[in-house]
Amino acid sequence: MPKNNADLIVEILKNAGVTHGYGIPSGNVIPFMDAMRRGGVQFVLTAHEGSAGFAADVMGRMTGKPGLGISTLGPGATNLATGVGCAYLDRSPMIAITCNLNTDQLGRRIQMIIDHHALFKPITKASLALREGSIASTLEEALRIALSEPMGPVHLDLPEDVMRAAASEEAPATPAGGRLDPAPDLEIEKFDRLLSEAKRPVAVLGSTAMRIQDTGALLAFIEKRQIPFATTTMAKGLIDENHPLSIGCIERARRQLLRGFIREADLVIGLGYDVIEVEYEAWIGDVPLIHVDIEQADTDATVNIAHEVVGDLDSTLERMNDLDSVSNEWPSEIIQNHKDTFQKALRPVSESFTPHQVIDMVRSILPKEGVLSFDVGAHTHQIASQWKAHAPRSFLITNGWSSMGFGLPAGIAAKIARPDLPVVTILGDGCFMMTCGELIVAKRMGLTLPVIVLDDRWLGLIKVKQERQSLEYYGTELQEEEYREAPAHYFGVPAVGVRDPGALETEVKKALEANGPTVIEAIVDATHYMETVFD
């Protein structure tokens, strides 16, 4: 069969390291799917295009290569947009392809059609049209944009007649992502002077640091200066959180304890800190800030910005590590006392089976190198503060986009990207309702994936917020009755119910040895969220 443009696109993507594409077919998608079959890029059928976008985001995070999300026009495109927005705000490299009608039908008011470029423009780095004669150059540009800092998604609109037409171009060499200019020498010199003058500096690692080429440079910087460090939610694991200088995750459960520690500092270094996760003014108080990132800090007037170092982060870290080390005055017992107090406060005493017991049990079973994906809700706060992450890309959450529905597609993509690693997903019952159909994807692909559902019968985070505002509980109860048994299966995926730590331990260990996914429904009493989530 002669090579067509769909074959050419698949060839270019495969050369760029793309191994899987996630989506849902329609008639317009079929020619592209068939090209994927011939070209050796696996099409993964998801239950919803939003999940396809989340999975493509995580493929980008895990591999450093662009994730691939695919949809049809109209409603398929609007569904896909949810996952594309995640990659945009969380800054993951992605190619999002909408398979459209024939070129001569574009711009008309006919079935399903909308302006895809208008839809994707606010949530992508670029939205480009694929047309005959410029397929190769457009793909080359899209890959370069997606892989350049700040990384992110690029949308490509692909009409059916264009993909079916005979290819007239050759695949170009895969472009490298553009590197930013190094920070000016004067900025590094002032950084050195300010840090040398500080007596109690604290570093806060952010999500930009997830994308540096040598995460060991972060550890070298922290250890050379013996600086206590916290992380944002997405940056957990960039340095093993068992490290004696690790003080926790900011702005999640028991956040006031972290704020109190940080406000005892005389300098905060925001290292690779992207304010999309949480703005500085939420937690920094009046402590002077050195912002070290690829972009200038976006703050309000209350933040005391002492200095900014803006440029290529790998280059900045390398030059900072060449500077002379200077001791500080943090007593080691202060750090340890804070950690002990913080961890104890996260685990209120209860006679019931609690989410914090579930989290501790799963962490004790999952090997240090194992990967956790989880979803958005009250449990996000508890997990972010409580879970110890030991390696980069082992702790998967969306904190810029913060969309429910992320956890299960993320776990599936993580297991596909790294089949050598154990992966576990934890999500709330509300999130499970959104994405339970994705279980069939894990089953179809034979993925060993324990999926632990925290069933407390409420949208827990909204319930907490209603209580904090002295409002009646309304619109947040998922089910009235408490049932005794979990169903035998979801779509043929085994399901078990647990009500205590011992049963959970048994079932998680069994699930990690299974030949496919397992749903473990933990019936929990989430009352302690009222105490831990916003204090």
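A quick note: this is a predicted structure, and the numbers were derived from the prediction, not measured.
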### Query
Looking only at side chains, do Asn100 and Thr98 share a donor and an acceptor under 3.5 Å apart?
no
### Task
Classify the ring geometry between Phe54 and Phe406 as parallel (under 30°), tilted (30 to 60°) or perpendicular (over 60°).
perpendicular
### Summary
Sorted by chain and residue number, the salt bridge (charged side-chain N to carboxylate O under 4.0 Å, His left out) partners of Asp360 (sequence neighbours excluded) come out as Arg347
### Message
Please check this pair: side chain of Thr46 against backbone of His48, looking for a donor-acceptor N/O pair closer than 3.5 Å.
### Response
yes
Which donor-acceptor pairs under 3.5 Å do side chains of residues 18-27 form with protein atoms, sequence neighbours excluded?
| from | atom 1 | to | atom 2 | distance (Å) |
| --- | --- | --- | --- | --- |
| His20 | NE2 | Gln42 | OE1 | 3.4 |
| Ser26 | OG | Asn28 | N | 3.3 |
| Ser26 | OG | Thr72 | OG1 | 2.6 |

#### Entry: Heavy-atom neighbours of Asn337 CG exceed 12 at 6.0 Å
yes
### Summary
The residue among Leu396, Val371, Ile416 that forms side chain to side chain contact (heavy atoms under 4.5 Å, CB included) with Val423 is Val371
### Of all pairs that satisfy ring pair (Phe, Tyr, Trp, His ring centres under 6.0 Å), the ones with a partner from residues 344-364, not counting sequence neighbours
His356-His528
### Task
Not counting sequence neighbours, which residues clear side chain to side chain contact (heavy atoms under 4.5 Å, CB included) with Ala142? List them please.
Ile95, Leu128, Val154, Leu156
### Message
Can you see whether Ser71 engages Glu49 through a side-chain donor-acceptor pair at a distance of less than 3.5 angstrom?
### Response
no
### Query
According to the interplanar angle, ranging from 0 to 90°, do the rings of Phe395 and Trp387 count as parallel (below 30°), tilted (30 to 60°) or perpendicular (above 60°)?
tilted
### Summary
Arg211 meets the salt bridge (charged side-chain N to carboxylate O under 4.0 Å, His left out) criterion, sequence neighbours left out, with Glu149
### Message
Restricting to side chain to side chain contact (heavy atoms under 4.5 Å, CB included), what partner residues turn up for Leu219, sequence neighbours left out?
### Response
Glu223, Ile239, His243
### Query
Please walk me through it: do Tyr273 and Tyr280 pass ring-ring contact (aromatic ring centres under 6.0 Å, His included)?
CA-CA 9 Å; Tyr273 192 95; Tyr280 280 118; 4.4 Å; yes
### Message
Using a strict threshold of under 4.0 Å (side-chain N to carboxylate O), is an ion pair present between Glu513 and Lys509?
### Response
no
### Message
Tell me if the NZ atom of Lys339 is crowded by more than 12 foreign heavy atoms within 6.0 Å.
### Response
yes
### Message
Is a donor from one side chain sitting under 3.5 angstrom from an acceptor on the other, for Thr532 and His381?
### Response
no
### Message
Over 60° means perpendicular and under 30° means parallel, so tell me whether Phe120 and His116 are parallel, tilted or perpendicular.
### Response
perpendicular
